[in-house]
J.: 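One structure follows; several queries about it will come next.
What you see below is based on every heavy atom in this structure, not just the backbone, and it leaves out hydrogens, waters and symmetry mates. So that the names make sense, note that chain A is the first sequence line, chain B the second, and so on, each numbered from 1.
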2 protein chains.
Amino acid sequence: MAPRSCSIANALGVVGERWSLLALREVFLGVTRFDQIAANTGASRDVLTVRLKKLVAAGVLEKHQYSEHPPRHEYLLTDSGRALHNVMLMLKEWGDTYVTEGALPLVWEHSCGAVLEPRVVCTACGEEATSESLTRAAELTH
Amino acid sequence: MAPRSCSIANALGVVGERWSLLALREVFLGVTRFDQIAANTGASRDVLTVRLKKLVAAGVLEKHQYSEHPPRHEYLLTDSGRALHNVMLMLKEWGDTYVTEGALPLVWEHSCGAVLEPRVVCTACGEEATSESLTRAAELTH
DNA sequence: CGGCGTAAGTTGGATTTTCCAACCCACTGA
DNA sequence: TCAGTGGGTTGGAAAATCCAACTTACGCCG
């Protein structure tokens, strides 16, 4: 039997490999250069090269030359990359709550002044989207 | 230099390996048994064995025996596992928008009646938590 | 000019993971 | 008794990863 077709699997096909999301985290934090991304994530340079190439090919990052002499590049988020912010927020929230021990290494403050506690809601009604409040509406068979 | 300490990295240390999130997706969809998880994800049985053991050890899943003769088990979500629902929702949303082509393989309907369009908001004020609306509030140096 | 430093990789070889198919054991229902 | 199911385990090949050293292209300092 063929595995289930699913956007989670598709998403993981793009950003699910080791180091991909950590490299993206660095870009979100403003670290856009190869050496610093390698140092801050701990990824080995050869694997990082492959990951960044894949993310560029997938349209998640853009490689931008910011200096011609000497040639220097930075990696910037595309719309697709920026949209991953939500995923990172929820992953961080889960890690904060269930994995990280002791003081949290990174805390975000929202523009309203509060420490961010992210929550997922239904855009239509504004109520929280819990697993109990959802039903499957459609599934292709093929 | 040591890599950045971060809950995203910690979270990925638990659920970041290949097949882990897909196995969890199956449990969320009600598929709790080894053979079916293997078939629906496409993971090879040996790797799946290791992944499930790790998820149980990490407190994300529980192995529950539902029949003594013959001995049969199912994998159930713990609180920690259920909390991953948000991550999966956002990952699916991103995949739907930027990766999956053609008709979406899976659509959720919220209890309000609308097709779910998940959004991340700040619990305190209810406004959307975009990357522009966040500032770093603290970071440990060590 | 010579030498040192930095950015962004590339290369080679050892180590780990992963994949895949086949096998195993306990049990059941026909 | 014999095929079938659930839940793995095993062995060997293939792929991915890690690590340190090397490279190229340039700027800066004395």
Side-chain angles (χ1 to χ4, degrees), chain A residues 1-4 8-9 12-27 29-58 60-77 81, chain B residues 1-4 9 12-27 29-58 60-77:
Chain A
M1 195 169 340
R4 190 192 295 276
I8 297 179
L12 291 174
V14 176
V15 297
E17 286 159 308
R18 199 160 176 213
W19 307 119
S20 292
L21 280 176
L22 292 185
L24 283 164
R25 173 197 70 187
E26 290 304 310
V27 180
L29 292 173
V31 176
T32 59
R33 309 212 313 234
F34 187 89
D35 275 26
Q36 274 302 301
I37 295 174
N40 290 351
T41 58
S44 56
R45 307 170 68 79
D46 53 352
V47 174
L48 186 61
T49 301
V50 174
R51 291 292 173 278
L52 289 173
K53 273 192 182 132
K54 177 166 179 176
L55 291 172
V56 168
V60 177
L61 289 178
E62 264 175 2
K63 190 171 178 176
H64 173 240
Q65 182 157 357
Y66 67 88
S67 154
E68 209 165 341
H69 286 284
R72 291 286 180 270
H73 318 93
E74 60 188 339
Y75 291 91
L76 300 177
L77 295 165
Chain B
M1 194 164 347
R4 190 191 295 276
L12 292 174
V14 176
V15 297
E17 286 159 306
R18 203 166 172 208
W19 307 119
S20 292
L21 282 175
L22 292 184
L24 284 164
R25 172 197 71 187
E26 289 304 309
V27 179
L29 292 173
V31 175
T32 59
R33 315 225 294 246
F34 187 90
D35 275 28
Q36 274 302 301
I37 295 173
N40 289 351
T41 58
S44 56
R45 306 169 67 79
D46 53 353
V47 173
L48 185 61
T49 301
V50 175
R51 290 293 173 275
L52 289 173
K53 271 191 183 135
K54 177 166 180 177
L55 290 173
V56 169
V60 177
L61 290 178
E62 265 174 2
K63 190 172 179 176
H64 173 240
Q65 182 157 356
Y66 66 89
S67 154
E68 208 164 341
H69 287 283
R72 290 288 179 271
H73 318 93
E74 60 187 342
Y75 292 91
L76 300 177
L77 295 165

J.: Looking at G16(A), is its backbone amide N or carbonyl O close enough to the side chain of S20(A) to form a donor-acceptor pair, meaning the two atoms are under 3.5 Å apart?
T.: no
J.: May I ask you to decide if H64(A)'s main-chain N or O and E62(A)'s side chain share a donor-acceptor pair within less than 3.5 Å?
T.: no
J.: Need to verify one output field. Residue with the more 5' nearest nucleotide on DNA chain D, R72(A) or Y75(B)?
T.: Y75(B)
J.: Taking the side chain as every heavy atom from C-beta outward, state whether R72(A) and R33(A) have any atom pair closer than 4.5 Å.
T.: no
J.: Got L24(A) and L77(A) here, is their nearest side-chain heavy-atom distance under 4.5 Å?
T.: yes
J.: Nearest whole Å is fine: how far is dA16(D) P from L48(A) CG?
T.: 17 Å
J.: When rounded to the nearest 0.5 angstrom, what distance separates CZ in R51(B) from CG in L48(B)?
T.: 9.0 Å
J.: Any carboxylate oxygen within less than 4.0 angstrom of a Lys/Arg side-chain nitrogen, looking at K63(A) and E74(A)?
T.: no
J.: Rounded to whole angstrom units, what separation is found between the CZ atom of F34(A) and the P atom of dT24(D)?
T.: 17 Å
J.: What integer distance in Å separates K54(B):NZ from dG8(D):P?
T.: 18 Å
J.: Roughly how many Å is it from CD1 in I37(B) to P in dT5(D), rounded to a whole number?
T.: 18 Å
J.: Taking the nucleotide of DNA chain D with the nearest heavy atom to each, does D46(A) or P70(A) sit closer to the 5' end?
T.: D46(A)
J.: Which whole-number value in Å describes the distance from L52(B) CG to dG6(D) C1'?
T.: 14 Å
J.: When rounded to the nearest 0.5 angstrom, what is the spacing between CZ in F34(B) and CZ in R45(B)?
T.: 5.0 Å
J.: Please give, in whole Å, the distance from dG8(D) P to R51(B) CZ?
T.: 15 Å
J.: Heavy-atom contacts under 4.0 Å between residues 13-27 of chain B and DNA chain C, which residues?
T.: R18(B), W19(B)
J.: Find the distance E74(B):CD to dG6(D):C1' and express it as a whole number of Å.
T.: 13 Å
J.: So, the side chain of S44(B) versus the backbone of D46(B): is there a donor-acceptor pair under 3.5 Å, distance only?
T.: no
J.: Would you give the length of the straight line joining atom CG of L55(B) to atom CD of E17(B), rounded to the nearest 0.5 angstrom?
T.: 8.5 Å
J.: What are the 5'-most and 3'-most nucleotides of DNA chain C lying under 4.0 Å from any heavy atom of chain A?
T.: dT6(C) to dG12(C)
J.: Can you check whether any acceptor in the base of dG8(D) is under 3.5 Å from a donor in the side chain of R45(B), or vice versa?
T.: yes
J.: Taking OP1 and OP2 of dG8(D), is either one under 4.0 Å from a side-chain nitrogen or oxygen of K63(B)?
T.: yes
